Number of protein chains: 2
Amino acid sequence: MRKRATAKQVAEAAGVSKWTVIRAFTPGASITEESKRRVLESAARLNYTPNLLARSLATKSTGQIAVFVDDFANPQKLPFLETLTEQLQAVGRVAMLININNHFDHVHALLHADQRQVDAIILFGTAFRDETLTDRQLGNGTPPMFVLARDSQIDGVPAVVCDAELALRDIVDHLYSRGYRRPGFMSGAPALSTALRRREYFSKFWSEKGITHVEQLSAQKYSLQAGALGIRNYLSDTSGKERIDVLMCENDILALGAMDEMRGRFDLRIPEDIAVVGFDNYELGGSSAYSLTTYEQPLREMVSIIIRMIKGEVDPETVTLPGELVVRSST
Amino acid sequence: MRKRATAKQVAEAAGVSKWTVIRAFTPGASITEESKRRVLESAARLNYTPNLLARSLATKSTGQIAVFVDDFANPQKLPFLETLTEQLQAVGRVAMLININNHFDHVHALLHADQRQVDAIILFGTAFRDETLTDRQLGNGTPPMFVLARDSQIDGVPAVVCDAELALRDIVDHLYSRGYRRPGFMSGAPALSTALRRREYFSKFWSEKGITHVEQLSAQKYSLQAGALGIRNYLSDTSGKERIDVLMCENDILALGAMDEMRGRFDLRIPEDIAVVGFDNYELGGSSAYSLTTYEQPLREMVSIIIRMIKGEVDPETVTLPGELVVRSST
DNA sequence: TTGTAAGCGTTATCAC
DNA sequence: GTGATAACGCTTACAA
């Protein structure tokens, strides 16, 4: 059975009251050097550390931030999680990682996080439906929510995203200057595709260049297989001369899956037969096997801003940040 | 300001005592249907849900499991985290994701987790040094620890791992039967390499087949770049005829990095010039670009067992589980 | 079946 | 600067 020392025990050992013990552990509290020394000494001897649980109950702030994730197939989640945990911990917070896939429906997860008194909820999902969160059955007490790396369609819930308009303008400019004229766009989950707005801007900027038709491919979800299937369906149905000359995929994973399929099953050369563009700058896309042109999100800044919103240092408003085009030999 | 209804308020609204309210929310408590109905009704109206924080303080059990991660470069962490969170949540627990990289040294993280009264700690790291955790400065009250997916060198801390002996026997048998006779092994972080024991068994089984020399390559850490660098150093220093004919990498990421380098910079064919084997069965390794022979860990079972240990349903003892060889065209 | 008293380990606030 | 009182919201006895 676990047994931890409490402030009370330390107090007795040090010959002071438990409130003095608390003061010794409260930066800037008014306490004499002498008392503090004695308290810390006894504390060390008894192996005492404050119980954050009890503190949270009293202060009504847990320092715990729930992070909702629903798409573990995208390896790009990992660097985000790394940065997120790192920056949260740097300001004394900690991440509660909550899987909102399948069985764990969102409302339930929300309820659970709420019951655990988290200070905030970061929606770092991909395919979740905003509608399920819109009504927020939890009444007025719900912890503040923030959406990371996709648009928010929920009223009063701000998002921190990479600026899709800037990104797609850069991408289309690049492709146009490379001479491509028959663009295609492969989207993943329908719900997210609208939220990311990548497809929308892709079409818009092509049409500004006089190219009004963008071939639409759909992968239904975000995975290698889905990307492969998406391009396979298209290529099987379309003869060589009618094919697109460049394919933009909604993220790198789709792009990698599509590239494999194009080369492995259809013997196409990239970029000679079809060029490919992704989004995210996932590490493996940069390998010589793929050398995928892509767009990098300003991960650290995005995370940093969302944390400052949580801390209340920045007004909770949707923020879009510029990313960076990464040109490689797939275009 | 947040305001949640408390059991007391619900009690007043329902015209009962707060303990009756508790009972209505405690499965199997003795309470009349009538009381329960009235309580739940008031609770619903007031939007009441139990405060898990207060409960934890009273019960001395938080249902929170700290997961220590120090290697976010390996995408294989993601499916593990997915399974872990899924299974934890299925039994009413939740994962606290703790980054123990760089600045966040392990002892500090341990202390922090302990102060938050987590029920258990899962060490799901790669390169952490066991020594720093061995003494466990926290005294006797430390939450139980478990190591996931690598060996434990800490006294009294059990590990749940994929059986390296079985795995390497299968792998070496396979390579031998394919006719390879000049094996090389690329290891990553020195600390982990010994913990994984893959190198050790690789050499052992080759030597049982009469091949006593295994070329040792080192990548220092686990990443694409490290894998690429490791093989580059070796190939630059070794002329064609003296080269190994098969390279086993400690995990898939190293293998993918090495393959890129072998093909991109040295124009080698895989497997004709050098065959490659990885470990983990990371999804991308199965793509046609790599088609990497590898070994799959029994992820779900590993997670399941560690959770049962946490719940106390299984004795906390180190467990090794068999995985499965996945043969593809890289060998 | 239900109500009461005591306790979990802190913090906030006010006297001294 | 220090000690005391009350409170945070729940659970676990135990008594009615």
Side-chain angles (χ1 to χ4, degrees), chain A residues 1-40 42-43 46-64 92 112 114-119 141, chain B residues 1-40 42-43 46-64 92 112 114-119 141:
Chain A
M1 193 52 201
R2 301 192 53 188
K3 254 190 193 164
R4 323 176 88 258
T6 72
K8 193 173 172 188
Q9 295 168 339
V10 174
E12 284 165 9
V16 298
S17 73
K18 64 174 179 177
W19 297 279
T20 304
V21 174
I22 301 289
R23 288 186 183 101
F25 283 90
T26 308
S30 58
I31 181 174
T32 51
E33 275 307 314
E34 166 62 8
S35 303
K36 188 164 182 173
R37 194 189 54 69
R38 279 174 49 200
V39 168
L40 292 183
S42 307
L46 294 179
N47 227 308
Y48 166 82
T49 52
N51 181 332
L52 262 33
L53 202 57
R55 172 180 298 175
S56 297
L57 183 61
T59 59
K60 307 198 147 308
S61 152
T62 57
Q64 305 195 135
H112 186 82
D114 189 47
Q115 288 180 229
R116 289 206 181 267
Q117 319 293 116
V118 299
D119 288 348
Chain B
M1 192 53 198
R2 300 194 53 191
K3 254 191 195 167
R4 323 176 88 256
T6 72
K8 193 175 172 185
Q9 293 168 339
V10 174
E12 284 165 8
V16 297
S17 73
K18 67 172 177 177
W19 297 277
T20 304
V21 173
I22 302 288
R23 287 187 183 100
F25 282 90
T26 309
S30 58
I31 182 175
T32 50
E33 274 308 313
E34 168 62 11
S35 304
K36 186 164 183 176
R37 194 189 53 69
R38 279 173 52 198
V39 169
L40 292 183
S42 307
L46 295 179
N47 228 307
Y48 166 81
T49 52
N51 180 332
L52 261 34
L53 200 59
R55 173 180 296 176
S56 297
L57 184 60
T59 59
K60 308 197 146 307
S61 150
T62 57
Q64 305 194 135
H112 186 82
D114 189 46
Q115 287 180 227
R116 288 205 181 267
Q117 319 294 115
V118 299
D119 288 348

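Note that this is a predicted model, so its numbers are computed, not measured.
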- Non-hydrogen atoms of Ser61(B) and Ser56(B) that approach each other most closely: O-OG, 3.3 Å
- Spacing between Leu57(B) atom CG and dA7(D) atom C1', to the nearest angstrom: 13 Å
- Task: Take Arg4(B) and Thr49(B) through the test side-chain contact (heavy atoms from CB on, under 4.5 Å) and record every step on the way to the result.
- Result: CA-CA 8 Å; Arg4(B) 323 176 88 256; Thr49(B) 52; 3.3 Å; yes
- Message: Tell me whether Glu34(B) at atom CD has more than 12 heavy atoms from other residues, nucleotides or ligands lying less than 6.0 Å away.
- Response: yes
- Hey, which of these two, Ile31(B) or Ala58(B), hits DNA chain C nearer its 5' end, going by closest nucleotide? Ile31(B)
- When you measure from every atom of DNA chain C, which of residues 14-28 of chain A have a heavy atom less than 4.0 Å away? Lys18(A), Trp19(A), Ile22(A)
- Criterion side-chain contact (heavy atoms from CB on, under 4.5 Å) on His112(B) and Arg116(B), from CA distance to verdict: CA-CA 6 Å; His112(B) 186 82; Arg116(B) 288 205 181 267; 3.0 Å; yes
- Note on the structure: Here the gap from Thr6(A) atom OG1 to Glu12(A) atom CD, rounded to the nearest 0.5 Å, amounts to 7.5 Å
- Message: Contact between Ile31(B) and Thr20(B) at the side-chain level, heavy atoms closer than 4.5 Å - yes or no?
- Response: yes
- Could you tell me which non-hydrogen atom of Val39(B) sits nearest to which non-hydrogen atom of Ala14(B), and how far apart they are? CA-CB, 4.1 Å
- Message: Below 4.0 Å from chain A heavy atoms, what is the first contacting nucleotide of DNA chain C and what is the last?
- Response: dG9(C) to dA12(C)
- Item | Closest non-hydrogen atom pair, Pro50(A) against Phe25(A) | CG-CD2, 4.0 Å
- Message: Considering every strand and a 4.0 Å limit on heavy-atom distances, what is the contact class for Thr6(B): base, sugar-phosphate, or nothing?
- Response: sugar-phosphate
- Would you indicate whether the side-chain heavy atoms of Leu57(B) and Gln117(B) approach each other to under 4.5 Å? no
- Query: What are the two closest non-hydrogen atoms of Ala24(A) and Lys36(A), and how far apart are they?
  - Reply: O-CE, 3.8 Å
- Message: Using five base pairs at each end to define the local axes, how bent is the helix from dT1(C)-dA16(D) to dC16(C)-dG1(D), to the nearest 10°?
- Response: 40°
